[in-house]
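Note sheet for the following structure.
For clarity, every value in this text was computed on a predicted model and none was experimentally measured. Proteins come first, then strands; the chains are lettered A, B, ... in the order of their sequence lines, and each starts at number 1.
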Amino acid sequence: MLTVDEQFNIIKRGTVEIVPEEGLKAKLKDAQEKGKKLKIKLGLDPTAPYIHIGHGVVLRKMRQFQDFGHEVIIIIGDFTASIGDPSGKTITRPQLTAEEIAENAKTYYDQYCLILDPSKTRVVFNSEWLGKLSFADVIRIVSKVTVARILERDDFETRLAEGRPISMHELMYPVCQAYDSVVLESDVEVGGTDQKFNILMGRDLQTQFGLEEQIGLFMPILPGLDGVQKMSKSLGNYVGITEEPKDMFGKLMSIPDEIMPSYFELCTDVPLDEIEEIKKKLSDGSMHPMEAKKRLAREIVTIYHSADAAKEAQAEFERVFSQHEVPADMPEVGVADIMEDGKVWIVKLLAAANMAPSNSEARRLVMQGGVTIDGEKISDPKANIEVKDGQVLRAGKLKFARIKL
RNA sequence: GGGGGGAUGCCCGAGUGGCUAAAGGGGGCAGACUGUAAAUCUGUUGGCGAUGCCUACAUUGGUUCGAAUCCAAUUCCCCCCA
């Protein structure tokens, strides 16, 4: 078994901050000595039950705790989702139905099993307790929180200063999340740096309720594929952890060079000194950035699939993008329905292949010279084409389909 | 309770009676260059088998030959005073 210090160092990797570090060490030590499990808390948003490698950063951190014998508690914030974490332009989300919640929970389970050890994972919904509080209970809880404390939160502070509105219920969001920690008696709460205020609020509230304070463990926000905004499904700049190896590989190859180091650190298990080595080689030019990126993509695909899958994905990538050959497999597009006199109108063909959301968009693609069949450019949007079974339709760099008569 | 300001395409934002499918920017898409990186340049960015037609500037109705633009009502948002 690893010593407490060794455990601590593994856990510390990639973190922005641990509040307080000594507290975490003490908890790890205490747990080891008494043979008890720490409760590691993570909150997830139930409205978007799709896990990408940005969530993976935090989940993999949780996994490390599990490997040291601790218990992970995932809180699906079905109650708090109806408030919406205040972001400035909060949209109050609709309450989910029981069926939706159950369905999302299942979806989560299938995904997080790829990272977490299910035997050491508990999933709870915070509506279980938050939804049962009476108004009197709520008053009792909020009486332990001062207005000044709440208004310390950055976005509240700036909004107040700029005269932008803050709704009462938004002020409740951090309190709800903090109260979750009280109910669960969590030892550690893991989250992105955007969770800092909420997680520290948990510490305060636990103290108020006479409990031991949880440790706040903050991970950086993983930048998305665009390298600028945080990774999120709604921005489309994500890599889902259940995506196909070749899609994962391809998407990872498209990230800006500058964010490679943070991806290495946060999304892979490549040792830190090796990452340093790579950085050095990149800056002195002895390593081509593309090679580093291939390594990165391979590492990540290996984590979520396997080393073989990663190798295959790389081979496929090189075949398509370096040697400009067609992918080994691609979706088929049946043309039987859109055939007229043995010919197919190119615009309809693109729509049938889901390469364009509308005919107008398909026309544009054609006019812009992004469409080929078997490598031959189609540039006339009026074109009616005699297609043959097995021909390869391509739109842009990424979209391929095999024609099926 | 009183007074004032506002709502435009994916986003920001111009437009105050016809020349407006709506300037400009961002983002997206496509092309060139390349390493499916960045930067840069070019084109494109409501729908429709399409030299035209349809739908669009919060909603509904009105004025007008003609409305994103004027009027009325409605909804939502913001600010100031109390």
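- Separating the C1' atom of C10(B) from that of C65(B) is a span of 36 Å, rounded to the nearest Å.
- Ser134(A) and Asp137(A) share a donor-acceptor pair across their side chains, judged by distance under 3.5 Å alone.
- With Asp78(A) contributing its side chain and Ser127(A) its backbone, the two residues share a donor-acceptor pair below 3.5 Å.
- A salt bridge between Asp67(A) and Arg63(A) is present, with a side-chain N of the basic residue lying under 4.0 Å from a carboxylate O of the acidic one.
- Between A21(B) and C53(B), the two P atoms lie 11 Å apart (nearest whole Å).
- In this structure, Arg364(A) pairs ionically with Glu361(A), as a charged nitrogen and a carboxylate oxygen lie closer than 4.0 Å.
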### Task
Would you give a per-nucleotide map of nucleotides 44-51 of chain B, 5' to 3', where B means the base has a protein non-hydrogen atom under 4.0 Å away, S means only the sugar-phosphate does, and - means neither?
SS-SBBB-
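- Straight-line distance between the C1' atoms of G24(B) and C71(B): roughly 31 Å, to the nearest whole Å.
- Between Asp269(A) and Arg60(A) there is a salt bridge, since at least one side-chain N of the basic residue sits less than 4.0 Å from a carboxylate O of the acidic one.
- At whole-Å resolution of the value, CG in Leu225(A) and P in G27(B) are 16 Å apart.
- The separation between Leu365(A) atom CG and G43(B) atom C1' is 13 Å, rounded to whole Å.
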### Task
Give RNA chain B the dot-bracket treatment, 5' to 3': Watson-Crick (N1-N3 with N6-O4 or O6-N4) or G-U (N1-O2, O6-N3) under 3.5 Å, [ ] crossing, | other strand.
((((((((.[[[..)..(.....]]]((((((.......))))))(((...)))...[[[[[..)....]]]]]))))))).
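- Comparing U69(B) with A14(B), their C1' atoms are spaced 13 Å from each other, to the whole Å.
- Between the CG atom of Leu296(A) and the C1' atom of A37(B) there is a distance of 12 Å, given to the nearest Å.
- With hydrogens and angles left out, the side-chain atoms of Asp284(A) and Ser286(A) include a donor and acceptor closer than 3.5 Å.
- In this structure, NZ of Lys399(A) is placed 7 Å from C1' of C29(B), rounded to the nearest angstrom.
- Toward the 5' end of RNA chain B, the nearer of the two residues Glu258(A) and Lys377(A), judged by each one's closest nucleotide, is Lys377(A).
- The NZ atom of Lys397(A) sits 8.5 Å away from the CZ atom of Phe321(A) when rounded to the nearest 0.5 Å.
- For Arg394(A) and A30(B), the CZ to P distance is 11 Å, given to the nearest whole Å.
- Using atom P as the reference point in both G61(B) and A67(B), the two lie 14 Å apart (nearest Å).
- Remark: the Ser186(A) side chain and the Gln214(A) side chain contain an N/O donor-acceptor pair separated by less than 3.5 Å.
- Here Gly250(A) lies in heavy-atom contact (under 4.0 Å) with a base.
- The distance between atom OH of Tyr263(A) and atom P of A37(B), rounded to the nearest whole Å, is 15 Å.
- G4(B) and U40(B): their C1' atoms are spaced 48 Å apart (whole Å).
- Applying the 6.0 Å contact sphere to CG of Asp389(A) captures more than 12 heavy atoms from other residues, nucleotides or ligands.
- Straight-line distance from the CG atom of Asp226(A) to the C1' atom of G27(B): 10 Å, rounded to whole Å.
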Please list, for nucleotides 33-35 of chain B, all pairs of protein and nucleotide N/O atoms separated by less than 3.5 Å.
unit_1, atom_1, unit_2, atom_2, d
G35(B), O6, Asp257(A), OD2, 3.3
G35(B), N1, Asp257(A), OD1, 3.2
G35(B), N1, Asp257(A), OD2, 2.7
G35(B), N2, Asp257(A), OD1, 2.6
G35(B), N2, Lys293(A), NZ, 2.7

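- A salt bridge links Arg295(A) with Glu299(A): the closest approach of a Lys/Arg side-chain nitrogen to an acidic carboxylate oxygen falls below 4.0 angstrom.
- Distance check on atom C1': G13(B) versus U60(B) gives 27 Å, rounded to whole Å.
- On the C1' atoms, C57(B) is 4 Å away from A68(B), given to the nearest whole Å.
- Relative to the six-membered ring of Phe8(A), Lys29(A) misses at least one condition, a distance below 6.0 Å or an angle of at most 45° to the axis.
- In this structure, the CE atom of Met367(A) is 13 Å from the C1' atom of C29(B), given to the nearest Å.
- Around NZ of Lys37(A), the count of heavy atoms belonging to other residues, nucleotides or ligands within 6.0 Å does not exceed 12.
- Counting only N and O atoms by type, the side chains of Gln177(A) and Thr80(A) include no donor and acceptor under 3.5 Å apart.
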